[in-house]
Amino acid sequence: MKKILITGGAGFIGSHVVRLFVNKYPDDTIVNLDKLTYAGNLQNLTDIENKPNYTFVKGDILDKDLIKSLFEKYNFDGVIHLAAESHVDRSITNPLEFAETNILGTMVLINAAKNHWKNNFAQKLFYHISTDEVYGSLGEEGIFTETTPYSPHSPYSASKAGSDHFVRAYHDTYGLPIVISNCSNNYGANQFPEKLIPLSINNIKNQKNIPIYGKGENIRDWLFVEDHAEAIDTIFHKGKNGETYNIGGNNEWKNIDLIRLLCQIMDKKLGREKGTSEKLITFVKDRAGHDLRYAIDSSKLQKELGWKPSLQFEEGLEKTVEWYLASEAWLENVVSGEYQKYYQKQYS
Ligand code: NAD
Ligand code: DAU
């Protein structure tokens, strides 16, 4: 009968985590706190919104009074913190917002947890969700482990690294029980179409150019979002206090190869002639400070806590394409208004 605060639960990964916890733990109370920025969308959770063990609170993690009052009202045993500004390109144009939300916002939460739990930390846990980007960039060889030194390059990854450091500092200084996980690139349903895969699906659907940064040679390690949610469940319940766990799919793809595969899947699903969508591939100006390669070693999580990814990439990508093609209303809603301005500015 735990009371759990999940932040960022109306965003991409957070909504999958909230759904999993609400359905799997009917005796637990799940409070989802989200500011509903452009990336947050309550349509992501319509299937569980009326469940008796679920409450949504619209609010900002930077709002100290609100956070304190939520701790007082619900007396949380655990926090799973996902709320963040998450898009690297936006961090390049708007770095201060990333420092505020990702660093200061995380500090407001850990501080409230420490104060509310009043140093009586038995059975309490602050779980901070981080990214593999804090480790920097790999060359052709190597893999990120939990002991790889931090070397973030973008304002986004620097802000996530900063928040990780504060969470560890609260553990070392005050004894706050924490775990941190660093995950690789996620894909799946409900991802905002500013990120490579949903942006490309939307453009292919509408026969618009697919913008590939540089030569498309950058490599990412892709994980199906529901596998990430399962890993978060495993770590929240079985992770050791103070530990870090890497999460990844052991699934590296060059951007250009991934997009070619996506084009083939989309041609089939849309009944277009083979090769039609590939013609939309357009190489555009590279991202500033673009990290070459990420690859995650998740053997600690697999060996110590027994998690493993469930899906092959081709299967997951097909499922993802099917979801976007079947979710026209969702997609139309998020690509109207603000998105058009963002797209214009980013890709013109
Ligand atoms: P997202 O952008 O889809 O969602 C972020 C959510 O946080 C949104 O619902 C937004 O409204 C909310 N939010 C933003 N600022 C807030 C604030 N001040 N107060 C309350 N809520 C706020 O992000 P995502 O891709 O789902 O990522 C979730 C977390 O996982 C982030 O911490 C991110 O760094 C991390 N992560 C993401 C990936 C990935 O591939 N997407 C991989 C590893 C780690
Ligand atoms: O590695 C985990 C990280 O993965 C998360 O922490 C971030 O929140 C998440 O956004 C993601 O970051 P990336 O920058 O890797 O994801 P994105 O989808 O933006 O880009 C994936 C790759 O595709 C990257 O090499 C940049 C490239 N790209 C991206 C866009 C949006 C393009 O070539 N064209 C594009 O239009």
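Read the numbers this way: they start at 1 and go in the same order the structure lists the ligands and their atoms. Computed from a predicted model, the values in this text were never measured in an experiment.
Backbone and side-chain nitrogen or oxygen atoms of N41 are examined, and none is located within less than 3.5 angstrom of a nitrogen or oxygen of ligand 1. Inclusion of E194 in the set of residues having an N or O under 3.5 Å from an N or O of ligand 1 is not warranted. Close N/O approach between F12 and ligand 1 is found [any backbone or side-chain N/O within under 3.5 Å]. The distance criterion of under 3.5 Å between nitrogen or oxygen atoms is met by T37 with respect to ligand 1.
The part of S184 lying near ligand 2 is the backbone, judged by heavy-atom distances below 4.0 Å. Residue R287 touches ligand 2 through its side chain alone, judged by heavy-atom distances below 4.0 Å. Contact annotation: for L196 versus ligand 2, heavy atoms closer than 4.0 Å belong to both the backbone and the side chain. Residue contacts with ligand 2 for E133 involve side-chain atoms from C-beta outward but no N, CA, C or O (heavy atoms, distance under 4.0 Å). Neither the backbone nor the side chain of H81 comes within contact range of ligand 1; no heavy atom lies under 4.0 Å. When non-hydrogen atoms are compared, ligand 1 lies under 4.0 Å from the side chain of Y156 (C-beta onward) but not from its backbone. With a heavy-atom cut-off of 4.0 Å, L36 touches ligand 1 through its backbone alone. At a heavy-atom cutoff of 4.0 Å, ligand 2 is contacted by both the backbone and the side chain of N185.
The nearest heavy-atom contact from the protein to atom 40 (O) of ligand 1 is N186 N, 2.9 Å. Here the heavy atom of the protein found nearest to atom 27 (C) of ligand 2 is N255 ND2, 3.4 Å. Distance from atom 4 (O) of ligand 1 to its nearest protein heavy atom, with residue and atom name: G11 CA, 3.6 Å. Looking from atom 21 (N) of ligand 1 to the surrounding protein, the closest heavy atom is K35 N, 3.1 Å. Protein heavy atom closest to atom 19 (N) of ligand 1, with residue, atom name and distance, is I61 N, 3.0 Å. Shortest contact from atom 29 (C) of ligand 2 to any protein heavy atom: Y213 CE1, 3.5 Å. For atom 23 (O) of ligand 1, the nearest protein heavy atom (residue, atom name, distance) is S86 OG, 3.2 Å. Counting only heavy atoms of the protein, atom 28 (C) of ligand 1 lies nearest to L82 O, 3.5 Å. Scanning the protein for heavy atoms near atom 42 (C) of ligand 1, the closest one is S184 O, 3.3 Å. Of the protein's non-hydrogen atoms, T101 CG2, 3.5 Å is the one closest to atom 15 (N) of ligand 1.
Of the residues listed (E194, E338, E85), the one engaging R90 in a salt bridge (charged side-chain N to carboxylate O under 4.0 Å, His left out) is E194, and it is the only one. Of the residues listed (I48, V18, L36), the one engaging F56 in a side chain to side chain contact (heavy atoms under 4.5 Å, CB included) is L36, and it is the only one.
Not a single heavy atom of S15 sits closer than 4.0 Å to an atom of ligand 1. Distances shorter than 4.0 angstrom occur between a heavy atom of G59 and an atom of ligand 1. Residue contacts with ligand 1 include N185, since one of its heavy atoms falls under 4.0 Å from the ligand. Residue contacts with ligand 2 leave out K160, since none of its heavy atoms falls under 4.0 Å from the ligand. For the ligand labelled ligand 1, residue A10 lies inside the 4.0 Å heavy-atom shell. Residue Q346 places no heavy atom under 4.0 Å from ligand 2.
Counting the atoms of ligand 2 from 1 in the order shown, those under 4.0 Å from a heavy atom of P211 are 32 (C), 33 (O), 34 (N), 35 (C), 36 (O). Distances below 4.0 Å separate heavy atoms of N218 from the following atoms of ligand 2: 25 (O). Below 4.0 Å from some heavy atom of K195 lie the following atoms of ligand 2, by number and element: 10 (O), 18 (O). Every atom of ligand 2 with a heavy atom of Y347 under 4.0 Å away is listed here by number and element: 30 (C), 31 (C), 35 (C), 36 (O). Close approach to H87 involves these atoms of ligand 2, each under 4.0 Å from a residue heavy atom: 19 (O).
Judged by the 6.0 Å distance and 45° axis criteria, K215 is not positioned over the aromatic ring of F283. In this structure, K208 fails the cation-pi test against Y347, since its NZ or CZ atom is not both closer than 6.0 Å to the six-membered ring centre and inside 45 degrees of the ring normal.
S159 approaches N102 most closely through the heavy-atom pair OG-ND2, 3.0 Å.
Under the 3.5 Å distance criterion, the side-chain polar atoms of N186 are matched with a main-chain donor or acceptor of S184. In this structure a side-chain-to-backbone donor-acceptor pair under 3.5 Å is missing from N190 to S15. Judged by distance alone, with hydrogens and angles left aside, the side-chain atoms of D267 form a donor-acceptor pair with the main-chain N or O of G275 at under 3.5 Å.
For the atom pair CZ (F313) and CG (L223), the distance works out to 10.5 Å, reported to the nearest 0.5 Å.
Between the choices V108, N182, D34, the shortest heavy-atom distance to atom 11 (O) of ligand 1 belongs to D34. Of the listed options A84, A83, S163, A84 places a heavy atom closest to atom 14 (C) of ligand 1. In this structure, of E85, K215, H290, E194, the residue bringing a heavy atom nearest to atom 31 (C) of ligand 2 is E194. When the heavy-atom distances from atom 37 (C) of ligand 1 to L109, I13, T131 are ranked, the shortest goes to I13.
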